[in-house]
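Notes follow once the structure below has been shown.
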Amino acid sequence: MGKSRQRILANLTDPQREAVSYGGGPLLVVAGAGTGKTRVITHRIAYLLAEGVAPDRLIAMTFTNKAAEEMRRRVEAMVGEQVYVTTFHSFCARFLRRHIHVIGLDPSFSIYDRTDSQRLIRRIIKARQIDRETFRPGEVLAEISANKDRVIGPDKYAEQAVGIEEQTVALVYRDYEEELAANNGLDFDDLLLKPLEVFRERPDVLRDYQELYLHVLVDEYQDTNLPQHLMARALQGKHRNITAVGDPDQVIYTWRGARLANLLEFEEDFPGAHIVKLERNYRSSANILQAASACIRHNQLRREKALWTEDESGPLVEVVRCADPYDEGRTVAQTASELISNGVLPWQIAVFYRTKRQALPLEDAFTALSVPHQVVDSVGFFERKATKDLRAYLQLMLNPRDDVACRRIINCPCRGIGVKTLQALQEEADRLGLSLVEAAGRAQELSSLSIRARGAVERFWNLCQRLRSLPRDSVEELIDKLLDITDYVAAQPDSRREDLPETVEMLLDYARQYDSEGPERDLLGFIERTALVSDVDGWDERAGAVSLMTLHSAKGLEFDAVFIVGAQEDILPHRRALEEADHGAEQMALEEERRLFYVGMTRARKHLFISYAERHTAQGRREYANPSRFLDELSEEAVARRAGAQGDGKRIALARQIEDPLKRKGPCLSILSVPRGKKRLTKGARVQHASYGVGQVLQVDWLGTQNRVKIDFEEQGAVTLLVTADDVAGG
């Protein structure tokens, strides 16, 4: 055996070595949490290269840009070779840029995110005069997406439709597909489906790819949906060299199409498959592993495995009972602060929650205690209005047929093209069979538009032509020029202009980083990347802060200390799962919630805290909550139970840092600096609080029905309060 292969196999366990050095044919690596699955798949790639497989003869697929980059980096560090490691969606987008003409679309197609798709659905529902209360765009889109995940097109769906509701959705589904085609657009589901369509239309294209890729390796196979499974099966069809790495206990994305059957029935889909189990855990302490394993054993739909570790037992898993979500936030923030004081680095601490709305009490508490923290939600940046506006401009430069992008920016910034003018232009475009941009180019011929409207539309068309003529050597310079030509920032209303410079600079930084990756980086690739970003791509371990994120976003990460909050019925397991259970789908729904809980627990290396609130607010009412059923499934030998901040005498002082005014009877603030009877809580106002005395408002953040108010009290100093209108009285 060559020295390079010996080096690659060194320091691997026997099961890991078996998987890495396996010869030809299908291979399934059942890798439990923390058992080194990324190590195995990257070492296998390196081993295949050492065996003489050319780098361009293998492809590795995963699910996030961050995971793909990590795999590429590890392989290159081992063997000095660059290999094609990509996400499924990125591979399919790249494939379609080359071959989509086979099915009648242009390579400059736009990629529509969920918001874009909903806008299209909303327009179709309005045009068909369908009741928007009964058929909500988001729900209709979810039904369409679910059928695309099952590879059911509009014609087949229409044939199977039963009842008026399904028949109505079938009409919208067909219109939606026609609108996408007219706009030269694809949604996320189409990125996976259209390559399969190309393979059906052109078997010779499929044969070329099957010949090209001698080995296909898929990470996180438990997350694949049916189209991804069919894609992997198609690519390995000639050589049958597929390596799939996954864990049935970590299937947490069935809501977006992931199929547990892809792993459980792997041997049926790939006859003769060799199975290797990785059961030694290298991440978590024994107590964490014991508690998590005891819980997941209650699932029936799984491949049995026995995780074990040589690590010491470590601290007990703490289950913390809190009074309410704000007590929970205070408890978590205080405990995190203590961990940091004891030497745990802030970026090695994470707080997981089931839904994003649970983040507010945590953010308040971390802010009040000055604990550095980051909310991991990079998709939020690309969903900001300014970011989406600028992306729409770039999209329209590439694809002038994109009416969704055109409608977004035709009057942004304001250029005198109102709703009536846009509607008239759309009607003319529909009548003439043109896109909105094409119709705008004939503005002077459109008699339905007023003279003023024609001028405004024509100026927009001239702007589009000017933007399309810009050089595209650098995406950063292109965006900078776009901002200058459109006067985007300066033309915005004062109410929006304050946060714009930061957003624009972040986008320019992102483009600058993209440009630096090489001369082959073009505008098409930039649009593609920003469309396919995921939550976890926004996690920055260099931020020096505690990470706050959803349990779904936590997949694939690990931390020294982990907090899981909201472990109560209706949250974890989520209410939707309990409702499904009432309708006979209890096993599938509850088992996925348990897997989500298990994934969160197994992100922790040394410290694991699980908390729940005895009371919470639901639909504006204070209600008692029951602890999650999953807490009763933990191994008691590995668990310690205690009360939160309000139930711990040593922590009572912390409760004063953030008051919850909803618990008080009567107003908690009196405003001193405005006429009696007014309730105007603004920056600079002087107020009086029953406990804290007199102070001045430093900051007011609007949070729906509540305000987050920071007040500098004369005796207590700065305190953050959560306040509703009922909590404020005139001076």
Side-chain angles (χ1 to χ4, degrees), residues 291 295 315-340 349-369 371 373 375 546-551 561-575 593 596-597 600-601 604 607-618 620-634 636 639-664 703 706 708 719-722:
C295 181
L316 294 172
V317 175
E318 292 194 33
V319 175
V320 186
R321 182 187 76 254
C322 300
D324 56 38
Y326 293 98
D327 178 34
E328 189 173 31
R330 291 189 287 267
T331 302
V332 169
Q334 175 66 18
T335 307
S337 180
E338 292 171 357
L339 287 171
I340 294 170
I349 302 174
V351 185
F352 303 151
Y353 35 80
R354 180 63 178 83
T355 64
K356 292 180 180 179
R357 69 178 61 183
Q358 294 171 257
L360 177 58
L362 297 163
E363 289 186 74
D364 282 324
F366 275 79
T367 300
L369 286 180
V371 179
H373 60 282
V375 179
V546 177
S547 297
L548 277 57
M549 67 182 78
T550 66
L551 281 161
V562 163
F563 296 82
I564 300 176
V565 302
Q568 58 224 47
E569 296 291 292
D570 288 353
I571 296 179
L572 187 64
H574 197 274
R575 178 172 298 178
E593 292 292 301
L596 187 59
F597 185 50
M601 295 176 70
H607 304 276
L608 176 60
F609 304 87
I610 306 170
S611 58
Y612 64 95
E614 293 183 307
R615 296 186 304 276
H616 66 137
T617 302
R621 298 191 305 273
R622 304 284 283 178
E623 296 179 350
Y624 283 95
N626 294 316
S628 171
R629 65 191 70 191
F630 301 150
L631 298 180
D632 293 332
E633 298 170 357
L634 303 176
E636 284 302 318
V639 171
R641 300 178 187 266
R642 66 173 174 86
Q646 288 190 2
D648 185 342
K650 292 182 294 183
R651 301 175 186 265
I652 289 297
L654 176 63
R656 294 170 62 90
Q657 297 290 335
I658 298 179
E659 287 288 335
D660 183 359
L662 299 179
K663 296 177 185 173
R664 297 180 171 274
L703 304 167
Q706 293 180 321
R708 179 168 52 194
V719 174
T720 299
L721 304 173
L722 289 169

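When reading the values below, keep in mind they use all heavy atoms of this one structure, side chains included, and skip hydrogens, waters and symmetry mates.
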Worksheet item: Taking only residues two or more places apart in sequence or in another chain, which ones pass side-chain hydrogen bond (donor to acceptor under 3.5 Å, both in side chains) with Q568?
Response: none

Fill in: For H607, ring-ring contact (aromatic ring centres under 6.0 Å, His included) partners two or more places apart
none

Worksheet entry | Qualifying residues under ring-ring contact (aromatic ring centres under 6.0 Å, His included), relative to Y612, sequence neighbours excluded | none

Worksheet item: Any idea which heavy atoms bring P325 and P361 closest together, and the distance?
Response: O-CB, 3.5 Å

Fill in: Set of residues satisfying ring-ring contact (aromatic ring centres under 6.0 Å, His included) with respect to F563, sequence neighbours excluded
F609

Worksheet entry | Partner set under side-chain contact (heavy atoms from CB on, under 4.5 Å) for R357, not counting sequence neighbours | T355

Worksheet item: What pairs with L316 under side-chain contact (heavy atoms from CB on, under 4.5 Å), at least two apart in sequence or on another chain?
Response: N287, A640

Worksheet item: How long is the span from the OH atom in Y353 to the CD atom in Q358, to the nearest 0.5 Å?
Response: 8.5 Å

Item to complete: Report yes if the side chains of I610 and F352 come closer than 4.5 Å at any heavy-atom pair, otherwise no.
Response: no

Worksheet item: Mind checking whether V320 and E328 have side chains closer than 4.5 Å, heavy atoms only?
Response: no

Practice prompt. Dump the intermediate steps for salt bridge (charged side-chain N to carboxylate O under 4.0 Å, His left out) on R641 and E636, then the final yes or no.
Written response: CA-CA 10 Å; R641 300 178 187 266; E636 284 302 318; 2.7 Å; yes

Worksheet entry | Listed partners of F597 passing ring-ring contact (aromatic ring centres under 6.0 Å, His included), at least two apart | F630

Worksheet entry | Steps toward side-chain contact (heavy atoms from CB on, under 4.5 Å) verdict (Q334, L369) | CA-CA 8 Å; Q334 175 66 18; L369 286 180; 3.7 Å; yes

Discussion item. Holding to side-chain hydrogen bond (donor to acceptor under 3.5 Å, both in side chains), I want the full list of residues that pass it with S628, two or more places apart in sequence or in another chain.
Written reply: none

